[in-house]
Amino acid sequence: MDYPVITKPKLDEFRVRPNLEEYHRSVQGFTWEQLRGELDGLPGGGLNLAHEAIDRHAHSDRRDRVALYWEGTGGEEERYTFAKLKELTDRFANVLKGLGVKKGDRVFLFMERIPELYVAFFGILKAGAIAGPLFSAFGPDPVKDRLLDSGAKVLIVTPDLRKRIGGILQSLPELKHVIVVNKNNRSKEPLAPGDISYEKEMASASSNFQIVKTTEDDFSIMHYTSGTTGKPKGAVHAHKAALQHMATGRWVLDLHDDDMYWCTADPGWVTGTSYGMSAPWTNGVSQVVYEGGFRASTWYHIIQKYRVTVWYTAPTAIRMLMRAGDEIPKRYDLTSLRYMCSVGEPLNPEAIMWGLRTIKLPFHDNWWQTETGAILIANYPAMDIRPGSMGRPIPGIEAAVVDEKGKQAKPGQEGDLAIRPGWPSMFRTYWHNQEMYDSKFKNGWYITGDRARTDEDGYFWFIGRADDVINTAGHLVGPFEVESALIEHPAVAEAGVIGKPDPVAMEVVKAFVALHAGYEPTDALRADIMRFVRQKLAAGIAPREIEFVDSLPKTRSGKIMRRLLKARELGLPEGDTSTLEED
Ligand code: ATP
Ligand code: MG
């Protein structure tokens with residue numbers, strides 16, 4: 001696949017303001033220690049993310065800057081300055097203290113994207129507890145699994161979600177308190193017996209709180225992984241991650257003081273906390289949070305209305321925007337945008353081309369995982385974009401492609417994507433599963449579970465998750481390459497590719513394809529798509545079979561679940577489907 005490199009000089013046209021100076025300063029002999037001074041630290045020593053993201057700004061000339069512009073599903077608008085957030089999070093920390101919450105306790109959040117979610121989250125950190133945000137679309141079982149596994153002591157919910165999970169609360173012996181946030185009196189029903197009213201407690205709580213002293217290595221947040229490859233794991237993070245969130249906010253997201261930032265990820269997933277809370281706010285930057293879900297016209301409306309300048313989203317969302325058509329964006333003024341990034345899945349080159357065509361900006365892909373806590377590999381503002389590549393490691397990160405013995409592969413050779421342990425935002429354990437945690441570290445490397453290769457210039461290219469790589473007639477095929485070729489066909493909206501067992505070739509490549517509106521799933525179209533991809537890919541790699549589907553199974557964080565396509569194909573049990581998105 002030949003895509004033009006999007007070169008640096010052109011970046012001026014894209015209104016990116018690469019922080020080149022800072023970038024170059026930082027890569028030369030950079031150590032994380034050098035940046036340490038840019039965090040405030042707690043008065044009297046220690047480190048706490050809530051102080052770095054909120055309190056330090058409330059004590060500075062940024063105090064009256066709007067940190068959070070909120071737009072509700074019903075069009076409600078609210079604004080919160082850093083000073084206001086400090087006051088509210090202090091109050092909530094006092095509420096938790098009053099309930100006996102102590103350092104290290106797990107306090108979980110199960111709410112829609114409302115401001116109180118942000119207030120509660122940082123209040124938890126101030127109280128020294130570990131915050132566990134859960135995605136609001138979960139049903140009772142996934143919520144129960146996570147609350148049981150983490151031994152959560154307090155749960156903060158909204159009335160609708162409280163109702164949805166009412167049946168599980170009896171089976172959680174460690175859960176002591178349920179706090180209900182009745183945003184703007186949306187619910188008229190009385191509280192269930194024993195539940196605590198957020199509004200009532202907040203009204204009487206003191207607005208002064210001294211942050212519980214935490215060190216940089218104390219646990220701050222736990223996130224269950226997306227469940228794409230199996231049962232979700234509870235990755236636990238420490239306050240030190242703030243350092244890397246701040247740095248990558250500048251280096252990768254190119255955040256500047258006057259930006260209006262929008263991260264579309266929900267705080268139930270790691271992107272929604274690391275980059276929907278920590279990165280913008282440790283940099284003191286304003287952001288917008290939209291409560292509702294995906295709708296192409298609404299998303300463009302949000303960009304137009306809030307004059308969003310920096311936008312961080314995900315490949316699935318971009319593919320949905322592409323699917324909604326090029327006419328809709330024309331109706332909106334999107335000229336405030338100057339920089340766009342993507343994470344979560346490989347970003348098909350076609351999506352970058354679409355951005356250039358319709359928004360006149362490229363998407364900058366970057367790679368990381370729940371476990372890594374922050375971006376590790378990225379297409380920076382300061383470098384050429386090679387469409388289809390995840391970019392290069394950020395300063396202070398040693399990434400490599402290694403073989404089973406930990407030996408580094410030569411450029412072009414495929415292997416395990418590995419990271420030298422010790423980066424600031426590295427996860428510290430899998431909750432209650434230290435053994436699995438230890439198993440991820442081999443020969444002095446953290447093994448990510450992804451397969452990749454590098455090129456001569458040190459760019460990293462994603463091949464696939466180790467579990468998804470297909471072995472067909474002696475070729476190792478990454479599904480991403482095949483899927484990217486498929487979605488270049490004008491009829492194809494989405495594609496998921498698996499290896500189907502075959503007596504001769506070991507596996508053959510099979511593609512599941514969802515079509516754009518207006519296309520019929522005919523044999524003629526199938527043959528046409530087949531012809532189209534064969535021209536793009538080596539013969540052995542092109543799919544042998546194409547099956548049309550209405551949509552692909554995805555996790556709730558929007559990732560294609562190839563293991564499910566495969567299980568269904570083979571008639572095998574589906575395994576853990578707690579994060580499967582329902583149609
Ligand atoms: P689980 O670990 O439960 O199977 P998951 O790996 O999807 O789920 P996350 O931590 O949310 O959970 O996702 C990280 C993974 O997403 C990465 O390991 C990688 O496979 C994929 N990924 C993220 N960003 C990119 C990217 N830019 N390019 C390619 N793959 C990416
Ligand atoms: Mg994973």
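For the single chain, residues carry numbers from 1 onward in sequence order. We count ligands from 1, going down the list as the structure has it; atoms in each ligand are counted the same way. The figures that follow rest on heavy atoms only: side chains count, while hydrogens, waters and symmetry mates do not.
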- Give a yes-or-no answer on whether the side chains of Asp149 and Tyr430 include a donor-acceptor pair shorter than 3.5 Å.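 On atom types as modelled, these side chains do not qualify, holding no pair under 3.5 Å.
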- Query: Does Arg146 count as lying over the ring of Phe138, i.e. NZ or CZ under 6.0 Å from the six-ring centre, within 45 degrees of the axis?
  - Reply: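 The answer is yes; both the distance and angle limits are met.
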- Item | Face-on cation placement of Arg386 at Tyr459 ring, 6.0 Å and 45° thresholds |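 Here Arg386 passes the 6.0 Å and 45° test against Tyr459.
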- Query: Partners of Glu345 by side chain to side chain donor-acceptor pair (under 3.5 Å), sequence neighbours excluded?
  - Reply: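 Checked Glu345 against side chain to side chain donor-acceptor pair (under 3.5 Å); matches are Thr316, Arg319.
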- Item | Nearest protein heavy atom with distance in Å, relative to atom 29 (C) of ligand 1 |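 Of every protein heavy atom, Pro346 N, 3.2 Å lies nearest to atom 29 (C) of ligand 1.
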- Check: Leu565 and Val549 side chains under 4.5 Å, non-hydrogen atoms: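 Not touching, per the 4.5 Å side-chain cut-off.
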Does only the side chain of [X] get under 4.0 Å from ligand 1, or the backbone, or both, or neither? Count heavy atoms.
{"X": "Phe480", "result": "neither"}
{"X": "Phe462", "result": "side chain"}
{"X": "Thr370", "result": "both"}
{"X": "Glu345", "result": "backbone"}

- Message: Using a plain distance cutoff, I'd like to know if Thr228 has any nitrogen or oxygen under 3.5 Å from a nitrogen or oxygen of ligand 1.
- Response: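 Between Thr228 and ligand 1, an N or O pair is found under 3.5 Å apart.
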- Task: Would you please classify the geometry between the Trp281 ring and the Phe122 ring as parallel, tilted or perpendicular, with 30° and 60° separating the classes?
- Result: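 Plane angle between 30° and 60°, so tilted.
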- Give the atoms of ligand 1, by number and element, whose distance to some non-hydrogen atom of Arg465 is under 4.0 Å.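 Under 4.0 Å from Arg465, ligand 1 has these atoms: 5 (P), 6 (O), 7 (O), 15 (C), 16 (O), 20 (O), 21 (C).
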